[in-house]
Amino acid sequence: MRRLSPFLLAFFLVLLPSQLLAAGKSFSGDYSLSFLGIPVAKATFDSSYDGDSYVVNGRVSSAGLAAFFDDTRGTISSRGSFGDGRTQPRSFRADYVSGKVSSLVDIRFAGDRVTNTEVVPPPRKRGKTWIPLGANDLSGVADPIAATVIRAPGLDKVCGRTVRIYDGELRADLRLTEVSRKKMSVGGFTGDTVTCRMGFKPVSGYRTDKKALTFLRDRSRIMVTFAPLGKTGVYAPIYATVSTQIGTITVKARRFEAID
């Protein structure tokens with residue numbers, strides 16, 4: 001939990017923006033993250049949708065045994081809109097505290113580009129293995145929340161795409177490839193779903209000798225299951241697993257309800 005980046009925190013949010021589109025109101029939900037089947041984190045989110053714009057506000061904290069060894073708490077917010085067949089983020093912010101150490105990531109967008117990034121505390125001095133951001137790396141990117149929302153004409157078009165993601169430091173490509181389809185029932189949804197394998201390719205803003213990223217790129221098995229939300233043409237992840245060097249992380253919804 002101490003090194004939980006905005007990219008991983010955002011896995012809690014994979015249901016929110018697109019579920020919001022289906023009903024067009026405000027929602028509140030509870031989510032859980034488990035490691036090797038043991039609960040290690042929890043989250044609560046309040047969200048609203050107005051026209052083509054979305055707003056998501058979440059609270060995340062360590063839970064179970066993880067809370068005993070490392071008390072981590074954070075908030076995440078994201079704002080954006082939908083247009084030109086994709087999500088267009090406007091702002092992303094993650095504030096979190098681990099023990100007595102406070103951290104912040106704030107990303108601002110304008111048009112098709114990132115215009116400003118603030119990271120506190122500032123990143124450490126880069127070494128020889130550091131791959132810096134390129135001139136065009138921050139064009140057409142999505143923040144960790146916006147990257148989870150997919151609009152498609154059908155289940156067969158959900159996968160077979162690459163999403164350019166930026167979390168304030170790391171720029172990576174997420175390549176979705178269809179694996180299977182089946183019926184599922186999760187948090188009020190019952191129907192056909194599609195599971196995509198998500199290939200992870202770091203592009204810039206990382207160290208080539210970082211073993212965790214090397215594992216995610218070369219050996220990790222990241223599986224995400226998407227479900228259709230009514231007739232909106234929006235598909236949302238309802239279940240996700242990520243294999244790491246020391247075990248598998250699982251994220252799923254526990255509660256999701258509309259607020260009048």
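The line from OH of Tyr206 to CG of Asp167 is 13.5 Å long, rounded to the nearest 0.5 Å. Separating the OG1 atom in Thr244 from the CZ atom in Arg219 is a distance of 11.0 Å, to the nearest 0.5 Å. Atom CD in Glu178 sits 12.0 Å away from atom CZ in Arg161 (nearest 0.5 Å). From Asn57, atom CG reaches atom OG of Ser77 across 5.5 Å, with rounding to the nearest 0.5 Å.
A continuous path of Ile, Leu, Val, Met, Phe, Trp and Tyr side chains, each step under 4.5 Å between heavy atoms, connects Ile165 with Leu213, placing both in one hydrophobic cluster. Ile249 is connected to Ile246 through a chain of hydrophobic side-chain contacts under 4.5 Å among Ile, Leu, Val, Met, Phe, Trp and Tyr, so both are in one cluster. Hydrophobic cluster membership differs between Trp130 and Val203, with clusters built from Ile, Leu, Val, Met, Phe, Trp and Tyr side chains linked at under 4.5 angstrom. Using a 4.5 Å cut-off between side-chain heavy atoms of Ile, Leu, Val, Met, Phe, Trp and Tyr, with links allowed through other members, Val97 and Val105 fall into different hydrophobic clusters. By the criterion of side-chain heavy atoms lying less than 4.5 angstrom apart, applied directly or through intervening Ile, Leu, Val, Met, Phe, Trp or Tyr residues, Phe215 is not grouped with Ile222; the two fall into different hydrophobic clusters.
Between Arg221 and Thr241 there is no side-chain heavy-atom pair separated by less than 4.5 Å. A heavy-atom distance below 4.5 Å is found between the side chains of Phe200 and Leu174. Residues Met223 and Val179 form a side-chain contact, since some pair of their non-hydrogen atoms from C-beta on lies under 4.5 Å apart. Inter-residue side-chain proximity for Tyr166 and Asp137 is flagged as unmet; no heavy-atom pair is nearer than 4.5 Å. No side-chain heavy atom of Val242 sits under 4.5 Å from any side-chain heavy atom of Val251. Taking the side chain as every heavy atom from C-beta outward, Ser91 and Ser78 never approach each other to under 4.5 Å.
Side-chain contact check for Thr193 and Tyr239: no donor-acceptor pair (N or O, by modelled atom type) lies under 3.5 Å. Side-chain contact, Thr225 with Thr195: a donor N or O sits under 3.5 Å from an acceptor N or O.
Using a cutoff of 4.0 Å between basic side-chain nitrogens and carboxylate oxygens, Arg175 and Asp173 are not scored as salt-bridged.
By the neighbour-count criterion of 12 heavy atoms within 6.0 Å, atom CZ of Arg126 is densely surrounded, having more than that number from other residues, nucleotides or ligands. More than 12 heavy atoms of other residues, nucleotides or ligands lie within 6.0 Å of CZ in Arg181, so this atom counts as buried by the packing criterion. For Asn116, the CG atom counts as densely surrounded, since its 6.0 Å shell holds more than 12 non-hydrogen atoms of other residues, nucleotides or ligands.
Arg164 contributes a side-chain N or O that, together with a main-chain N or O of Ser139, makes up a donor-acceptor pair within less than 3.5 Å. Not one N or O on the side chain of Ser204 forms a donor-acceptor pair closer than 3.5 Å with the backbone of Arg171.
For the pair Pro202 and Ala172, the tightest heavy-atom approach, listed with the atom from each and the gap, is CA-CB, 4.0 Å.
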